[in-house]
Amino acid sequence: MKKAGVLLDKGAVISKVDERVYGSFIEHMGRAVYGGIFEPGHPEADEQGFRKDVLSLINQLQVPIIRYPGGNMVSAYNWEDGTGPKEDRPRKLDLAWQVVETNQFGTNEFADFAKKAGSEVMMAVNLGTRGIDAARNLVEYCNHTGGSYWSDLRQAHGYPDPHQIKTWCLGNEMDGPWQIGQKTAEEYGRLAAETGKAMKQVDPSIELVTCGSSGAGMPTFPEWEAVTMEHTYEIADYVSLHQYFGNPDNDSQNYLASTMELERFIQTVTSVCDYLKAKKRSKKTMMLSFDEWNVWYHSSEQDKKLERWQTAPPQLEDRYNMEDALLVGGILITFLKHADRIKMACMAQLVNVIAPIVTENGGGSWKQTIYYPYMHASVFGRGVSLQAIVSSPAFDTKEFTDVPYVDTAVVWNEEKEELAVFLLNRHLEEDVLVRYSLKDFTGYQVTEHLVLEHDNLKMENTIGEQNVKPHRNGQSEWDGTELEVKANKASWNVVRLKLNS
Ligand code: AHR
């Protein structure tokens with residue numbers, strides 16, 4: 001059996017984990033809203049039309065923040081269309097996704113929904129077809145107490161108290177040619193800075209996310225970050241990163257190594273931020289908001305066949321398998337390793353659209369394979385992220401070299417006296433024995449070892465069958481200072497320890 005070692009010291013802290021790193025995303029597209037979180041008339045719908053079965057699955061994930069309403073959709077969205085009496089709301093063409101938007105769900109409904117989900121809202125403003133005026137009005141509508149046109153309108157719409165939305169995205173993927181109102185870096189930087197300035201004049205307590213590149217593969221990356229942040233560095237608090245993964249060539253070993261690319265992306269964006277900090281002699285450190293990430297490729301072909309101008313068609317409905325769950329685990333580990341800079345991240349998306357939760361219109365709801373590593377990290381990964389010195393055998397793939405078979409992150413919750421060890425074995429044929437040196441944690445005991453694994457890497461879950469789900473029969477031994485974990489081939493592991501009191 002292969003062997004690996006991990007050295008930890010409780011004084012070697014990367015950073016406190018910002019719980020918002022376990023955020024998610026609901027866009028007005030496909031069946032994310034209509035038929036996903038909102039389905040009036042469904043047997044499980046509450047008085048507002050929110051599906052209680054879906055809320056219960058979201059609650060189990062403990063999602064601290066949800067981005068809304070887009071995504072690409074926001075770049076031609078008039079937020080006013082989704083407010084006020086429902087019978088007066090216009091049906092509009094959503095150009096981004098080539099569908100008809102009924103606007104029966106909008107800002108106030110989402111604020112209510114987020115409250116029921118136990119989440120904060122991350123609101124995106126339209127910097128494609130609109131700009132400063134619509135954005136500052138939306139902040140006034142959502143956050144101003146009353147006594148002004150837009151805040152009084154909110155009250156007239158049945159919301160006497162402000163929604164107090166703290167986090168705002170200055171547009172979405174404005175570098176992308178697919179974006180309505182795509183901008184050059186110079187155009188976007190100026191517009192975002194001036195929009196952000198006005199938004200903060202309405203409510204100085206808000207935080208802003210400036211748009212980074214749509215992905216590391218964009219031809220303008222990382223020049224886009226350098227040019228846009230010349231303008232937005234002082235007004236924004238975070239820069240966004242987006243990245244989607246896939247295994248279209250069916251090379252599982254290469255696919256599972258793709259967190260190496262993620263690692264490079266994070267390091268590059270961090271470097272650009274720090275270059276600007278130095279150049280501007282700024283005291284501020286720009287933090288990262290990885291506000292779109294996931295696996296997205298399974299549905300690409302079927303989406304090409306969809307007819308245009310439907311309402312809530314099944315778009316981007318990827319069905320995830322075992323290997324996707326492993327990659328998601330690896331992504332979450334990578335975020336924890338960068339807890340000092342990544343303060344927010346959103347799994348894109350939450351329901352039906354490239355999502356961990358799937359619903360049937362009028363029917364049930366269920367968990368995809370990727371639900372589990374996401375839930376484990378969110379529920380158990382709260383505390384401080386510890387620096388893990390890992391020595392692991394490594395492999396090469398067609399795209400990556402020196403990829404460690406073992407990837408790990410460890411989170412210590414001092415208050416609860418709990419330790420969570422997240423461990424991925426990306427070896428497809430062999431188990432690996434991983435020895436953690438945990439000399440600072442004498443008195444702790446292993447409380448459970450959760451494992452997600454399946455012999456068939458392509459195995460998926462369905463509405464009736466949870467073929468891929470965690471079990472508690474992981475093998476780990478603890479001698480008081482060292483933890484020996486048997487990481488089965490191609491498995492995601494969570495070993496939890498607690499101080500024996
Ligand atoms: O999440 C799906 C889409 O991916 C989003 O609308 C867009 O921002 C990204 O390209």
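Every value quoted in this text rests on a predicted model; they were computed, and no experiment measured them. When a ligand or atom number is given, it counts from 1 through the structure's own listing order.
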Checking heavy-atom distances from atom 1 (O) of ligand 1 to each of Trp293, Trp97, Tyr244, the winner is Tyr244
Report yes or no: does [X] contribute a side-chain atom to a donor-acceptor pair with the main-chain N or O of [Y] at less than 3.5 Å?
X	Y	answer
Asp94	Ala96	yes
Lys469	Lys367	no
Tyr22	Gly381	yes

Phe25 neighbourhood, listing ligand 1 atoms whose heavy-atom distance to it stays under 4.0 Å
1 (O)
Under 4.0 Å from a heavy atom of Gly71: which atoms of ligand 1 are those, numbered in the order shown and with their elements?
5 (C), 6 (O), 8 (O)
Asp46 pairs by salt bridge (Lys or Arg N to Asp or Glu O under 4.0 Å) with which of Lys52, Arg51, Lys116?
Lys116
Starting from [atom], find the nearest protein heavy-atom neighbour and note its residue, name and distance.
atom	result
atom 6 (O) of ligand 1	Glu27 OE1, 2.6 Å
atom 10 (O) of ligand 1	Glu173 OE1, 2.7 Å
atom 9 (C) of ligand 1	Glu292 OE1, 3.0 Å

Tell me if the aromatic rings of Trp178 and Trp97 count as close, with their centers under 6.0 Å from one another.
no
Any idea which part of Val353 is under 4.0 Å from ligand 1, heavy-atom wise: side chain, backbone, both or neither?
neither
Taking distance alone, with N or O pairs closer than 3.5 Å, would you say Asn72 contacts ligand 1?
yes
Would Trp296 count as being in polar contact with ligand 1, using the rule that some N or O on each side must be under 3.5 angstrom apart?
no
Search all heavy atoms of Arg67 against all heavy atoms of Gly171 and return the closest pair with its distance.
NH2-O, 4.4 Å
Correct closest heavy-atom pair for Ala45 and Pro40 would be CB-CA, 4.3 Å
